[in-house]
2 protein chains.
Amino acid sequence: MNRRRRPTIRDVAEKAGVSIATVSKYVNGQQSFSQAVEDKLRDAIDALGYSQNALARAMVTGRTTAIGLAVMDLANPHYSNVVKGANRVALANGYNLFVVDMEESIAAVRPLLEALAPRTDGLIVSARIPNDVTDWLAELDKPVAFLGQPERDDVLTVGTDSVQVAALLAQYLVRQGFKRFGYVGYSRASSNADRLRGLRRVLEPAGVELLVFDVDEPTNEAGERAVARVLLRPDRPDVIIGWNDLVAIGMMNEARSLGFKVPDDVAFAGIDNIPISRYVTPPLTTVDVCSQATGEVVMKKIIAMIEDKPQPTGLTLEPALIIRESTQRQFT
Amino acid sequence: MNRRRRPTIRDVAEKAGVSIATVSKYVNGQQSFSQAVEDKLRDAIDALGYSQNALARAMVTGRTTAIGLAVMDLANPHYSNVVKGANRVALANGYNLFVVDMEESIAAVRPLLEALAPRTDGLIVSARIPNDVTDWLAELDKPVAFLGQPERDDVLTVGTDSVQVAALLAQYLVRQGFKRFGYVGYSRASSNADRLRGLRRVLEPAGVELLVFDVDEPTNEAGERAVARVLLRPDRPDVIIGWNDLVAIGMMNEARSLGFKVPDDVAFAGIDNIPISRYVTPPLTTVDVCSQATGEVVMKKIIAMIEDKPQPTGLTLEPALIIRESTQRQFT
DNA sequence: GTGAAAGCGCTAACAT
DNA sequence: ATGTTAGCGCTTTCAC
């Protein structure tokens with residue numbers, strides 16, 4: 001390991017025979033210079049391989065040109081797509097996006113955000129975090145935005161409306177003719193309650209039963225483990241909605257290997273519209289929650305906050321029903 | 001937006017009636033204090049909601065307790081899993097992991113790394129980057145590790161052996177009885193050449209043909225678009241290997257919707273063993289490249305470098321063949 | 001157009 | 001056990 005010290009602005013100044021102030025202005029392109037100085041500067045910087053120390057710059061300017069994004073679980077394609085969208089917009093606006101993974105562990109989130117906050121100009125946090133952390137964030141001198149369902153009106157939140165998402169799916173399934181609904185939710189997520197409200201809002205008036213189950217993590221594996229409980233009930237549902245596509249795919253797969261025909265014996269639907277949902281068998285009916293657009297919108301909004309510009313308007317996120325074969329049953 | 005200034009160490013010192021040095025030592029737990037001072041400090045910190053400014057701390061100590069990981073594409077589950085593994089080890093050792101997404105764009109990688117480098121104690125970079133950037137990294141005063149195939153011996157690289165991975169798969173498929181191989185690679189990745197070498201090393205002695213194709217991005221969609229070209233050839237392969245599982249899944253899906261029976265008309269295999277490969281139909285044969293372990297190992301090694309400890313040994317990554325139904329054809 | 005000097009928030013000697 | 005002080009690498013007045 002070659003621990004050569006990184007060249008500093010002082011090294012450049014000395015080599016070029018100018019003051020450090022001049023180097024600083026040159027590097028930041030803040031004014032014009034005599035040809036002689038410009039040449040010396042360029043040469044010295046090349047020779048030394050100098051580049052600005054972002055830390056030092058941030059210390060004095062108070063601006064990092066970086067934005068932090070803390071997600072619950074990067075292995076969840078929904079979040080990868082949020083990151084994608086956010087990253088694209090950040091880069092296009094001259095910001096770097098630093099992503100940290102919270103590993104679905106709400107507990108350890110505070111130190112993580114404390115480490116991230118001073119290194120960024122703004123923070124995007126996915127999902128519900130304890131109230132004391134939200135308070136701490138609110139007292140920060142930085143813009144903060146949340147991903148998901150608004151729960152407090154003193155913070156900016158971006159996401160599709162969970163009630164609407166669930167209702168959209170339920171409406172379609174009721175119209176299809178399904179009579180007994182199962183919902184395998186994830187009660188540790190705050191929007192689980194909203195999803196349930198959306199489902200009930202549609203199912204109760206329609207006189208349709210709803211059985212509610214829960215997984216302890218929103219993954220394929222959890223779905224696989226959960227589905228037997230649902231399927232073995234005497235009043236087995238004829239359609240099962242998963243907390244998200246991962247859970248639904250896990251359930252559907254396990255149901256098939258248990259010998260059930262999908263969708264004829266039992267139908268499945270998910271939520272998120274992750275890319276892979278199109279490639280499973282049968283292709284999964286789901287609700288598109290605009291993962292990538294969510295990332296784009298939240299990034300545009302937080303950049304507007306950072307730069308004290310008016311909030312961009314007209315950036316609404318409309319969930320869309322994606323109908324595929326996993327719910328295409330013929331009721332004859 | 002409430003742009004209250006973050007309280008500094010000086011605010012705490014004043015409020016508690018002690019010197020800033022005392023606050024610093026208290027916050028870092030570097031010695032014991034009189035009960036009186038300890039109480040005042042605790043109260044002042046609570047009241048102010050003070051937390052250390054990591055930037056300022058890093059400036060003087062030269063340590064950030066953060067590690068940067070630049071990946072080609074976070075939407076690729078292989079990379080998400082590398083991140084997972086790396087993150088877990090980082091957290092367990094008191095480091096934060098900051099992930100940046102390079103968006104598969106080699107060109108823009110230099111400014112990205114220049115921004116990331118001073119904010120971290122070490123850098124992990126996935127995949128081939130231009131030689132001048134590698135040179136720049138090598139001259140950095142920080143440990144750097146690469147993910148993938150070693151190409152230069154002056155840098156640390158972690159990953160499974162691409163030649164071996166490809167050979168492993170080819171051996172199995174030859175033994176299965178397949179006679180005409182198709183390989184849909186991704187020539188923009190540097191390890192594509194190694195994969196080809198691995199395939200040829202096995203296929204040539206066996207007297208088996210190999211047709212080579214290419215995708216322009218390593219995604220499901222690219223696989224979907226690519227497969228027709230392969231299938232429509234008069235000398236259609238009886239098994240097609242994808243650059244990775246995503247490509248293979250895309251190809252397999254499109255082949256099925258084109259009316260081909262998998263694996264009876266044509267078999268498919270991928271590489272990576274991403275979680276979803278188990279859930280497609282038919283389940284995909286693939287090679288496990290130890291994504292998560294790769295993240296763990298590279299993180300352990302880079303932390304050892306940062307802390308000037310001896311390199312941990314015995315951390316080898318053995319690719320493993322994962323046989324599933326997509327290649328289970330009966331040759332009668 | 002160029003430079004001197006103050007200071008961002010913090011740590012690490014060194015003194016007391 | 002506690003305080004004083006000199007910077008870390010940089011930007012930013014304010015002189016010249």
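Residue numbers start from 1 in every chain, and the chains themselves are labelled A, B, ... in the order their sequence lines are given, proteins ahead of strands.
- No contact: A:Y26 has no heavy atom under 4.0 Å from any strand.
- An end-to-end axis angle of 40° holds for the helix from C:dG1-D:dC16 to C:dT16-D:dA1, taken from five base pairs per end and rounded to 10°.
- Phosphate contact (OP1/OP2 of D:dG3, side-chain N/O of B:S19, threshold under 4.0 Å): present.
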### Query
For B:L69 and B:L147, what are the C-alpha separation, side-chain angles and deciding distance, and is it a side chain to side chain contact (heavy atoms under 4.5 Å, CB included)?
CA-CA 10 Å; B:L69 170 50; B:L147 253 28; 4.2 Å; yes
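- When the ring-ring contact (aromatic ring centres under 6.0 Å, His included) test is applied to A:Y26, the partners found at least two apart in sequence or on another chain are A:F33.
- As rounded to whole Å, 17 Å separates atom P of D:dC10 from atom CG of B:N53.
- For A:R10, the salt bridge (charged side-chain N to carboxylate O under 4.0 Å, His left out) test picks out no residue, with sequence neighbours left out.
- The shortest side-chain heavy-atom distance between A:I124 and A:F146 does not fall under the 4.5 Å cut-off.
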Sequence neighbours left out, cut at 3.5 Å: what donor-acceptor pairs do the side chains of residues 56-63 of chain A make with other protein atoms?
from, atom 1, to, atom 2, distance (Å)
A:R57, NE, A:N28, OD1, 3.4
A:R57, NH2, A:N28, OD1, 2.8
A:T61, OG1, A:R57, O, 2.9
A:T61, OG1, A:R63, N, 3.0
A:T61, OG1, A:R63, O, 3.2
A:R63, NH1, A:D121, OD2, 2.7

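- Put simply, NZ on A:K25 is 13 Å from P on D:dC14, counting in whole angstrom units.
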Distance-only donor-acceptor hits, side chain of residues 289-298 of chain B, under 3.5 Å, sequence neighbours excluded:
from, atom 1, to, atom 2, distance (Å)
B:S291, OG, B:H78, ND1, 2.8
B:T294, OG1, B:C290, O, 2.7

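- Of all nucleotides in DNA chain C having an atom under 4.0 Å from a heavy atom of chain A, the first and last in 5' to 3' order are C:dG1 to C:dG9.
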### Task
With side chain to side chain contact (heavy atoms under 4.5 Å, CB included) as the test, would you mind laying out the steps for B:V23 and B:V18 before giving the verdict?
CA-CA 7 Å; B:V23 180; B:V18 299; 3.8 Å; yes
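- Remark: A:E217 engages A:R225 in a salt bridge (charged side-chain N to carboxylate O under 4.0 Å, His left out) (not counting sequence neighbours).
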Can you give me the N/O atom pairs linking the protein to nucleotides 5-8 of chain D at distances under 3.5 Å, or say none if there are none?
from, atom 1, to, atom 2, distance (Å)
D:dC8, O2, B:V60, N, 3.4

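- In terms of the side-chain hydrogen bond (donor to acceptor under 3.5 Å, both in side chains) criterion, B:E14 has no residue partners (sequence neighbours excluded).
- Considering only residues two or more places apart in sequence or on other chains, B:F98 meets the ring-ring contact (aromatic ring centres under 6.0 Å, His included) condition with A:F98.
- A salt bridge is defined here as a Lys NZ or Arg NE, NH1 or NH2 lying under 4.0 Å from an Asp or Glu carboxylate O, and A:R42 with A:D39 meets this definition.
- Listed in residue order, the members of residues 30-37 of chain A having a heavy atom less than 4.0 Å from DNA chain C are A:Q31, A:S32, A:F33, A:S34, A:V37.
- For residues 5-24 of chain A, the set of pairs meeting the ring-ring contact (aromatic ring centres under 6.0 Å, His included) definition, not counting sequence neighbours, is empty.
- For B:D73 (side chain) and B:E103 (main-chain N/O), no donor-acceptor pair under 3.5 Å exists by modelled atom type.
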